[in-house]
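As the structure is a computational prediction, the values presented were derived from the model and not from experiment. Quick note on labels: first sequence line is chain A, next is B, and so on, each numbered from 1.
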Amino acid sequence: MKILVIDDTKAVHAFIKTLCKGLPQLEFVSVFNGQEGLGELKKNQAFDLILLDWEMPVMNGPETMDHLSRLSSRPPVIMMTTKNAPEDILFMMEKGASEYLMKPFTLDIIVEKIENVTGRSVQNAA
Amino acid sequence: MQPDAVLQFFAHYIRDQLGIIYAEHNYFQLQNRLEEISKLLGVSGIQELYQRAQVKVDGAFKQLLLDVATNNETSFFRDPKIFQVIQRHLLDANKATGFKEPLRIWSAASSSGQEALSIAMLIQEWGLQNKVAVPFQITATDISTRILERAKKAEYSQLEIQRGLPAMMIVKYFSKTDRDTWIAKPDLTRHIQYSQLNLKEPYPFKQPFDLVLCRNVLIYQNIEGKKDIIDRITRNLKHGGYLVMGAAEGLLGLSQEFIPHSSDGTVIYQRKPQLQKVA
């Protein structure tokens with residue numbers, strides 16, 4: 001399963017890779033803002049999922065979501081952010097996010113959300 | 001590690017009071033829990049607890065011992081398949097006829113309350129999707145008064161709320177506090193009553209239930225303890241009502257009163273209908 005992680009913080013990318021090191025079937029591609037993320041998608045890489053941060057320079061989460069919504073096809077998006085107010089969640093879900101992951105989180109939580117959104121078990125992901 | 005004789009004393013006490021068996025290879029767990037109690041009671045350690053127990057085990061000491069002897073791990077919609085099975089048998093099956101009486105549901109060993117709230121959300125969501133009014137009442141019991149107080153507050157940390165709940169359900173059924181926790185909304189909690197109950201002591205219920213959830217509790221009991229609790233639950237379950245157990249549990253060898261309904265590896269037990277008297 002190929003996951004595009006769009007987050008401006010290096011430590012977050014490192015954290016996710018460390019957290020998920022027991023799940024070798026998950027492959028992560030790291031970029032640091034929405035514009036880089038859209039660039040990766042344009043390369044026609046077959047991503048199964050996007051993990052999207054909110055507050056980023058150049059292009060933030062909501063702006064990225066707006067661009068993604070205009071694509072004819074795109075992977076599902078799970079927001080991954082410290083913003084945890086109900087109105088934040090509703091805002092991004094209405095923009096088209098499939099799920100919302102509040103930082104900080106544990107392995108079982110991110111695995112559950114990935115499996116629910118993709119409909120696939122990460123243990124058996126190819 | 002505490003001398004085995006002291007731990008054995010407490011293990012036997014818990015076994016006699018609750019039927020919970022601590023095998024010797026789990027004595028380290030028991031020791032951790034006794035050390036917790038020592039701190040809560042302000043005594044010097046397990047040895048002093050033991051000396052106190054030689055005189056009497058009562059009051060706060062007894063309650064704490066029983067509280068920490070139970071294991072309180074849970075999450076929302078734990079073992080999601082069982083909730084689909086509950087929906088099929090308890091809700092879908094009655095859609096055509098409607099619900100003339102409130103559904104009575106018992107969450108036995110409800111721990112911090114996620115199971116009772118999950119059932120409440122299941123029913124609310126089903127009612128909305130099917131445009132059917134479903135009156136219901138959930139009785140949530142646990143032997144631990146400490147964990148029941150937590151369940152009554154229905155307040156969960158950010159980690160706890162994300163375990164088992166999609167984001168839209170969190171927003172729909174919970175309010176965020178300024179402590180970065182989430183509290184269940186009154187529209188959900190008004191359906192749930194909480195009370196302390198030891199499954200090995202007499203049950204106070206005046207009416208039988210439509211559904212009883214008794215999950216991952218009997219695993220701590222020996223055979224006789226399991227049979228006793230199942231018998232008592234059966235007497236408080238309507239004929240045709242349902243019993244749900246933990247994913248790794250079953251009624252084989254424990255009761256002849258139930259019909260198992262299996263779906264995709266998940267089992268729900270239905271109490272057999274009352275035998276009709278032949279005129």
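At a threshold of 4.5 Å between non-hydrogen side-chain atoms, the residues A:M102 and B:L159 do not count as touching.
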Validation: residues 10-23 of chain A side-chain donor-acceptor distances under 3.5 Å, sequence neighbours left out:
unit_1	atom_1	unit_2	atom_2	d
A:H13	ND1	A:S30	OG	3.1
A:H13	NE2	A:D7	O	2.8
A:H13	NE2	A:V31	O	3.1
A:K17	NZ	A:S30	OG	3.2
A:T18	OG1	A:A14	O	2.8

Name each donor-acceptor pair under 3.5 Å that joins a side chain in residues 35-42 of chain A to protein atoms two or more places apart or in another chain, with its distance.
unit_1	atom_1	unit_2	atom_2	d
A:E36	OE1	A:F32	N	2.9
A:E40	OE1	A:Q45	NE2	2.5
A:E40	OE2	A:K43	NZ	3.1

Do chain A and chain B have donor-acceptor pairs under 3.5 Å, and which are they?
unit_1	atom_1	unit_2	atom_2	d
A:N84	OD1	B:K176	NZ	3.3
A:N84	ND2	B:Q158	OE1	2.7
A:N84	ND2	B:D180	OD1	3.4
A:E99	OE1	B:A167	N	3.3
A:E99	OE2	B:A167	N	3.1
A:M102	N	B:Q162	OE1	2.8
A:M102	O	B:Q162	NE2	3.0
A:K103	O	B:Q158	NE2	2.8
A:T106	OG1	B:R163	NH2	3.3
A:D108	OD2	B:R163	NE	2.6
A:E112	OE1	B:G164	N	3.1
A:E112	OE2	B:G164	N	2.9
A:K113	NZ	B:L165	O	3.4

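Among pairs with a residue in residues 66-85 of chain A, none fulfils ring pair (Phe, Tyr, Trp, His ring centres under 6.0 Å), at least two apart in sequence or across chains.
Only the backbone of A:A85 comes within less than 4.5 Å of a heavy atom of chain B; no side-chain atom from C-beta onward does.
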